[in-house]
Amino acid sequence: MLDMKMIRENLENIRNMLKYRDVQFDLDLLLELDKKRREMIITTDELRKKKNEMSIKISEAKKAGSDATSIIQEMQSVSAELTKLEGVQQNTELEYTKLALTIPNLLDKSVPQGDSTANKEIRKWGDIPKFDFEVKDHIDISENLNLLELERAAKTAGARFYYLKGDLVKLNQSLIQFGLDFLSENGYTMFQPPYMINRNSMQGAVILDDFEDVIYKIEDQDLYLIGTSEHAMVSMHGNEILDGNSLPTKYAAISPCFRKEAGAHGKDQKGIFRVHQFEKIEQFVFSKPEDSWNQHENMIAITEEFFQKLEIPYRTVLLSSGDMGKISAKTYDVEVWMAGQNAYREVASCSNCLDYQSRRLKIRFRDKTNEDTQYAHTLNSTLVATERTMVAIMENFQTKDGHVNIPNALQKYMGKKTI
RNA sequence: GCGGGGGUCGCCUAGCCUGGUAGGGCGUGGGAUUGCUAAUUCCAUGUUCGCAAGAACACGAGGGUUCGAAUCCCUCUCCCCGCGCCA
């Protein structure tokens with residue numbers, strides 16, 4: 001959500017933002033509803049004022065023991081009128097809020113304009129592995145080594161599910177262990193969040209379209225499966241006034257992620273690259289506004305360092321205005337090399353959401369109790385999505401005789417050097 | 001799941017029985033006063049609308065009764081205590 005006052009004062013910027021994001025949004029309707037909403041507030045406030053004044057008169061009359069019948073009758077009619085107007089106001093408010101919740105976030109000025117072809121590679125690390133044999137993809141590798149049950153998963157759950165098996169289970173746990181150790185050493189506090197959260201929390205974290213395309217709902221309950229621990233982490237401090245001295249909070253969250261993947265039909269159909277359920281360690285930071293861009297750079301640096309330790313070649317991409325999520329003001333993606341696909345593929349995403357989520361969830365801070373509160377900034381970044389990372393490990397570290405070498409950093413967690 | 005007790009403006013708390021402008025303390029900021037440290041005292045300290053003056057709203061959430069609800073009634077929610085069930 002954006003500050004309505006700011007929208008009114010920066011109409012040109014907002015129109016440009018919508019254009020650059022290539023998003024259909026009825027800004028004129030929003031302005032109209034905002035105007036109507038404010039008018040309604042003024043009208044109903046005046047009636048309430050009248051009511052309050054009469055209430056005092058009634059009280060005084062009763063105390064004095066005189067007759068208050070005529071004032072009470074007058075107040076009855078004012079009350080009735082107010083009830084009627086409040087109904088109208090409530091409807092206006094609902095309409096306004098519904099629309100206001102769908103306007104995308106501002107864009108940082110460093111974001112390139114255009115669609116995904118305008119994405120900008122800003123860094124590249126590592127040498128692409130060369131093989132003197134025919135390279136296999138992770139599906140063939142895991143089949144040969146008996147590391148996945150894909151057909152049986154399709155039988156028991158459907159497409160885009162999997163059973164990890166044997167050493168792949170251990171590799172997954174090793175990545176998680178290593179990731180948590182790594183973030184702990186870098187001053188992060190670990191969290192394991194709820195995997196289901198209520199509608200209000202989810203609505204603060206995501207934009208409406210995501211409910212349809214991404215989020216699973218629990219039947220007959222006000223609960224939704226998180227699509228990422230970000231959803232549970234951002235709402236954790238909802239309706240709170242944080243102590244400014246505690247910022248930035250650096251949280252490391254580990255959780256499974258559940259995604260519908262609606263609209264991804266045909267893409268990455270096989271294997272464990274694009275699935276309905278995967279594990280992810282997330283960095284989540286609440287920061288002061290003046291510090292958030294600095295934090296954003298820190299977070300992407302941490303993620304890059306992690307993949308360097310895993311010896312996986314990657315490139316870091318600054319997403320263009322048309323390719324970003326609507327809640328983010330600026331996003332870096334990390335794409336790692338996947339030898340089986342002969343391509344860089346997305347494994348991590350690092351976003352600064354400014355005060356967009358904080359406004360929705362009322363996450364504020366102040367340094368001293370008599371100061372005005374400010375909205376905190378929220379930032380999220382993948383540290384590691386383990387299933388995708390295992391695809392990269394299997395494909396990049398495969399050997400001629402069909403085995404997979406374990407990256408140095410993971411060997412002590414795996415207790416072996418090769419699968 | 002059952003029974004009991006709770007949720008009040010950052011924190012603590014009064015008010016609820018008996019409906020009539022939500023009070024006090026702490027913390028924080030500012031002013032005044034007194035040789036100093038300190039003490040004392042006054043003002044400010046939530047949200048929304050408004051350029052402002054000001055006004056409205058706010059007692060866990062949502063309904064209801066009433067001219068009027070923190071207060072009475074209903075539903076939900078979270079916390080605490082006891083019992084039950086349970087990995």
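Just so it is clear, the model here is predicted, and its values are computed rather than measured. All values below come from the heavy atoms of this structure, side chains included, with hydrogens, waters and symmetry mates left out.
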(Q) Could you spell out the base pairing of RNA chain B as a dot-bracket line? Use Watson-Crick and G-U wobble contacts where both distances are under 3.5 Å, [ ] for crossing pairs, | for partners on a different strand. (A) ((((((((.[[[[.)....(..]]]]((((((.......))))))((((....))))..[[[[[..)....]]]]])))))))....

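B:A70 and B:C57 have their C1' atoms separated by 14 Å, given to the nearest Å. Between B:G27 and B:G46, the two C1' atoms lie 16 Å apart (nearest whole Å). Rounded to whole Å, the separation between the P atoms of B:G25 and B:C79 comes to 33 Å. If you take atom P in B:C16 and the same atom in B:C86, they sit 44 Å apart, rounded to whole Å. Using P as the reference atom, B:G63 and B:A53 are 32 Å apart when rounded to the nearest Å. When the P atom is used for both B:A44 and B:C26, the distance is 16 Å, rounded to whole Å. B:G29 and B:G10 have their C1' atoms separated by 14 Å, with the value rounded to a whole Å. B:A58 and B:A22 have their P atoms separated by 10 Å, given to the nearest Å.
Aromatic pair A:Y188/A:F182: ring centres not closer than 6.0 Å. Aromatic rings of A:H138 and A:F273 (six-membered ring for Trp) have centroids beyond the 6.0 Å cut-off, not under it. With ring centers used as reference points, A:F258 lies 6.0 Å or more from A:Y216.
Environment of CE in A:M1: crowded, with over 12 heavy atoms of neighbouring residues, nucleotides or ligands closer than 6.0 Å. Remark: A:K50 NZ is loosely packed, at most 12 non-hydrogen atoms of other residues, nucleotides or ligands lying under 6.0 Å away. Heavy atoms from other residues, nucleotides or ligands lying under 6.0 Å from CD of A:E290 number more than 12. Other residues, nucleotides and ligands contribute over 12 non-hydrogen atoms within 6.0 Å of the CG atom of A:D222. Within 6.0 Å of atom NZ in A:K57, 12 or fewer heavy atoms from other residues, nucleotides or ligands are found, so the atom counts as exposed in its surroundings. The 12-atom threshold is exceeded at CZ of A:R15, counting heavy atoms of other residues, nucleotides or ligands nearer than 6.0 Å.
In this structure, A:K57 atom NZ and B:C67 atom P are separated by 19 Å, rounded to whole Å. Summarising the geometry, the separation between NE2 on A:H237 and P on B:G10 is reported as 17 Å, rounded to the nearest angstrom. In this structure, the CD1 atom of A:I56 is 19 Å from the P atom of B:G19, given to the nearest Å. Residue A:E60 contributes atom CD, which lies 17 Å from atom C1' of B:G19 at whole-angstrom precision. Rounded to an integer number of Å, the gap from A:Q221 CD to B:U77 C1' is 14 Å. Residue A:E74 contributes atom CD, which lies 14 Å from atom P of B:G68 at whole-angstrom precision. One interatomic measurement links the two molecules: CG of A:L47 to C1' of B:C49, which rounds to 15 Å at whole-angstrom precision. Atom NZ in A:K62 sits roughly 10 Å away from atom P in B:C67 (whole-Å rounding).
Nearest heavy atoms, A:M299 versus A:Q283: O-NE2, 3.2 Å. In terms of heavy atoms, A:G227 sits closest to A:H231 at N-ND1, 3.1 Å.
Relative to the side chain of A:M75, the nucleotides B:G20, B:G63, B:C67 differ in distance, and B:C67 lies closest. In this structure, the nucleotide among B:G20, B:U47, B:G10 sitting nearest to the side chain of A:T373 is B:U47. Candidate nucleotides B:U47, B:C49, B:G10 were compared by shortest atom distance to the side chain of A:I42, and B:C49 ranks first.
In terms of position along RNA chain B, the nucleotide closest to A:M4 lies nearer the 5' end than the nucleotide closest to the other residue of the pair A:I72 and A:M4. Nearest-nucleotide positions on RNA chain B for A:K362 and A:Q73 put A:K362 closer to the 5' end.
Considering only side-chain N and O atoms, A:S79 lies under 4.0 angstrom from the phosphate OP1 or OP2 of B:G68. Proximity of A:R37 to the phosphate of B:C49: a side-chain N or O atom is located under 4.0 Å from OP1 or OP2.
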For nucleotides 51-58 of chain B, print each protein N/O atom paired with a nucleotide N/O atom at under 3.5 Å, atom names and distance only.
{"residue": "B:A56", "atom": "OP1", "partner": "A:N52", "partner atom": "ND2", "Å": "3.3"}
{"residue": "B:A56", "atom": "O2'", "partner": "A:D45", "partner atom": "OD1", "Å": "2.5"}
{"residue": "B:A56", "atom": "O2'", "partner": "A:R48", "partner atom": "NH1", "Å": "3.4"}
{"residue": "B:C57", "atom": "OP2", "partner": "A:N52", "partner atom": "ND2", "Å": "3.1"}

